[in-house]
Amino acid sequence: MKIFEQIESEVQSYARSFPRVFNKAQGEFLYDEDGKRYLDFLAGAGTLNYGHNNPVFKEKLLEYIHADGITHGLDLHTKAKGEFLEAFNEKILKPRDLDYVMQFTGPTGTNAVEAALKLARNVTGRENVISFTNGFHGVTMGALAATGNSHHRGAAGVSLSGVSRMPFDGYLGDDIDTTVYLDKVLTDSSSGIDKPAAVIVETVQGEGGINVASVEWLRQLEKVCRKHEVLLIVDDIQAGCGRTGTYFSFEEAGIKPDIVTLSKSLGGYGLPFAVVLFSPELDQWKPGEHNGTFRGNNFAFVTAKAAIDHYWSDDAFAADIQSKGRYIKERLEQFVEQYGDGNFSTRGRGMFQGINCVSGELADKITTQAFQKGLIIETSGADDQVIKLFCPLVISMENLAAGVDILESAIREVCAKEDSFPEQKKYFDQVSMAS
């Protein structure tokens, strides 16, 4: 561990929660240098939906490398890119009746968000963008402006402009449809909210605490965007590639965003890869107007195609994710009934779920205890109060159950030592009582 302490920057984050030197991984397992095995319920923050070193992808990648396949190609046409594009078009876009062109950006999610925001502004000629409370879109300047988290925003060192914040679904209470408020401020020329180029939204806010937008809210959001001729961007970087039970997280709502950003598990193998999908009429870029040296990761093209061919050629994989999601939901609902004196709650969709422990300190104690028992699992939310289950989608039912059992054991042991639990208070109830 000494070299990390000597040389690596203090900015490191996950290494603080999981202080081990890891040197091997397979499927849903990570191994440290001492040979201890851990169930991975972090999964590269959603980059490893198909597990570590997926054997199907590994074989294809090794074949490609041994054949001296192109590694880096800028935006040159390559065989690997062409085969990926064809697979994505035939097996992902066409079956869902989606007509998009694809832009290859720099290889991280925030690169895709930057490109999406720039495109929307260029096409519409407007600067303002609407984003939502608790949203997270990345830490480069444009994406950070659209991000709500004060911890990340505070590191910018400059003012973050060009974005107006609106309340996400449920932010003002269960009985208020916040798309009505958005419609109102866009209708009123004196609202102080400039007509935006786009609205950017996550259907499930991962870093924000696994806040789920309802199907009805998403449909209304799309209607408001269409009414005011504002582009709708869905940031599907964390919720996409099957995490919620369908390839795109917005499929259940039946909406068709103008722009979609994808990254994380898109490459399949954990390789850096990000794209922006958008309607053909928006493709008004001039050649080279937005580029990046690493927008041609051909290794990722190979494994991304393998992921599509193996898992998304029919509906079986999606059905399996949904089945596992129901199991997770049932187990978490049992936990909140048994522990926390009724103050815990569940949240999420598909295999994107968690437990709100109300207290970040309590959630940290639980995840620390789980790590000691061989489970790697993180927290999210404004106060890190939500324990986030994010295991590979390909995990076996046996290991899924084993991981959830470890989590329950950690919750039980931590809760047994607590004298009381913080109550999950509803803000507007507090306000009405105070008045």
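In what follows, every heavy atom counts, from backbone to side chain, and hydrogens, waters and symmetry copies are set aside. What you see is a predicted model; the values in this text were computed from it and never measured.
Side-chain atoms of Asp341 never come within 3.5 Å of backbone atoms of Asn343 as a donor-acceptor pair (strictly under, hydrogens ignored).
Using a 4.0 Å cut-off between charged nitrogen and carboxylate oxygen, Arg226 and Asp258 count as a salt-bridge pair. Taking the charged nitrogens against the carboxylate oxygens, Glu86 and Lys81 have no contact shorter than 4.0 Å, which rules out a salt bridge. Under 4.0 Å is where a charged nitrogen must lie from a carboxylate oxygen, and between Arg349 and Glu252 at least one such pair does. Salt-bridge check for Arg331 with Glu408: passed, with a basic side-chain N closer than 4.0 Å to an acidic carboxylate O.
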Would you sort out whether Phe301 and Phe104 count as a ring pair (Phe, Tyr, Trp, His ring centres under 6.0 Å), showing the intermediate values? CA-CA 11 Å; Phe301 295 152; Phe104 298 97; 5.3 Å; yes
Hey, mind stepping through Arg126 and Asp194 against salt bridge (Lys or Arg N to Asp or Glu O under 4.0 Å) and telling me if it holds? CA-CA 9 Å; Arg126 306 177 208 131; Asp194 296 331; over 6 Å; no
If you apply the rule side-chain contact (heavy atoms from CB on, under 4.5 Å), what do you find for Leu61 with Phe57, and how did you get there? CA-CA 6 Å; Leu61 185 57; Phe57 308 166; 6.0 Å; no
Evaluate Thr379 against Gln385 for side-chain contact (heavy atoms from CB on, under 4.5 Å), listing each step before the verdict. CA-CA 7 Å; Thr379 57; Gln385 76 279 13; over 6 Å; no
Worked verdict on Lys94 versus Asp99 for salt bridge (Lys or Arg N to Asp or Glu O under 4.0 Å): CA-CA 7 Å; Lys94 285 185 177 179; Asp99 182 19; over 6 Å; no
Using the salt bridge (Lys or Arg N to Asp or Glu O under 4.0 Å) rule, take Arg16 and Glu10 through it: C-alpha gap first, then chi angles, then the decisive distance, then the call. CA-CA 10 Å; Arg16 299 179 188 277; Glu10 290 297 322; 2.9 Å; yes
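The one candidate from Val260, Thr47, Val113 that meets the side-chain contact (heavy atoms from CB on, under 4.5 Å) condition with Ile237 is Val113. Partner of His137 under the side chain to side chain donor-acceptor pair (under 3.5 Å) criterion, out of Thr261, Thr147, Asp235: Asp235 alone.
Evaluation of the side chain to side chain donor-acceptor pair (under 3.5 Å) rule for Thr124 yields no partner, not counting sequence neighbours. Every residue two or more places apart in sequence or in another chain that forms a side-chain contact (heavy atoms from CB on, under 4.5 Å) with Glu207 is listed here: Phe136, Gln238, Lys388. Here Glu251 pairs with Arg96 under the side chain to side chain donor-acceptor pair (under 3.5 Å) rule; sequence neighbours left out. Residues forming a side chain to side chain donor-acceptor pair (under 3.5 Å) with Arg295 (at least two apart in sequence, or on another chain): Asp75.
The NZ atom of Lys417 lies 12.5 Å from the CG atom of Leu362; values are rounded to the nearest 0.5 Å. How far CG of Leu266 is from CG of Asn297: 10.5 Å, rounded to the nearest 0.5 Å.
For the residue pair Asn399/Glu28, the side-chain donor-acceptor check at 3.5 Å is satisfied. A donor and an acceptor atom, one from each side chain of Asn298 and His72, are nowhere located under 3.5 Å apart. Judged by distance alone, the side chains of Asn53 and Tyr269 do bring a donor and an acceptor atom under 3.5 Å apart.
For Tyr171 and Trp217, the ring centers sit 6.0 Å or farther from each other. Aromatic ring centres of Phe344 and Tyr339 lie farther apart than the 6.0 Å criterion allows. Separation of the Phe273 and Phe84 ring centroids falls under the 6.0 Å cut-off. Between Phe371 and Phe18, the distance separating the two ring centers is shorter than 6.0 angstrom.
Applying the salt bridge (charged side-chain N to carboxylate O under 4.0 Å, His left out) definition to pairs two or more places apart or across chains, none involves residues 278-288.
The environment of Glu418 atom CD is dense: over 12 non-hydrogen atoms of other residues, nucleotides or ligands sit within 6.0 angstrom. Applying the 6.0 Å contact sphere to NZ of Lys324 captures more than 12 heavy atoms from other residues, nucleotides or ligands. By the neighbour-count criterion of 12 heavy atoms within 6.0 Å, atom CD of Gln338 is densely surrounded, having more than that number from other residues, nucleotides or ligands. Residue Phe22 qualifies as enclosed at atom CZ: its count of foreign heavy atoms under 6.0 Å is above 12. Applying the 6.0 Å contact sphere to NZ of Lys79 captures no more than 12 heavy atoms from other residues, nucleotides or ligands. Within 6.0 Å of atom NZ in Lys91, more than 12 heavy atoms from other residues, nucleotides or ligands are found, so the atom counts as buried in its surroundings. The 12-atom threshold is exceeded at CG of Asp314, counting heavy atoms of other residues, nucleotides or ligands nearer than 6.0 Å. Other residues, nucleotides and ligands contribute at most 12 non-hydrogen atoms within 6.0 Å of the CD atom of Glu423.
Put simply, the side chain of Asp183 reaches to within 4.5 Å of the side chain of His228, judged on heavy atoms.
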Expected list for residues 139-146: side-chain donor-acceptor pairs under 3.5 angstrom, two or more places apart:
from, atom 1, to, atom 2, distance (Å)
Thr140, OG1, Thr110, OG1, 2.6
Thr140, OG1, Glu114, OE2, 2.6

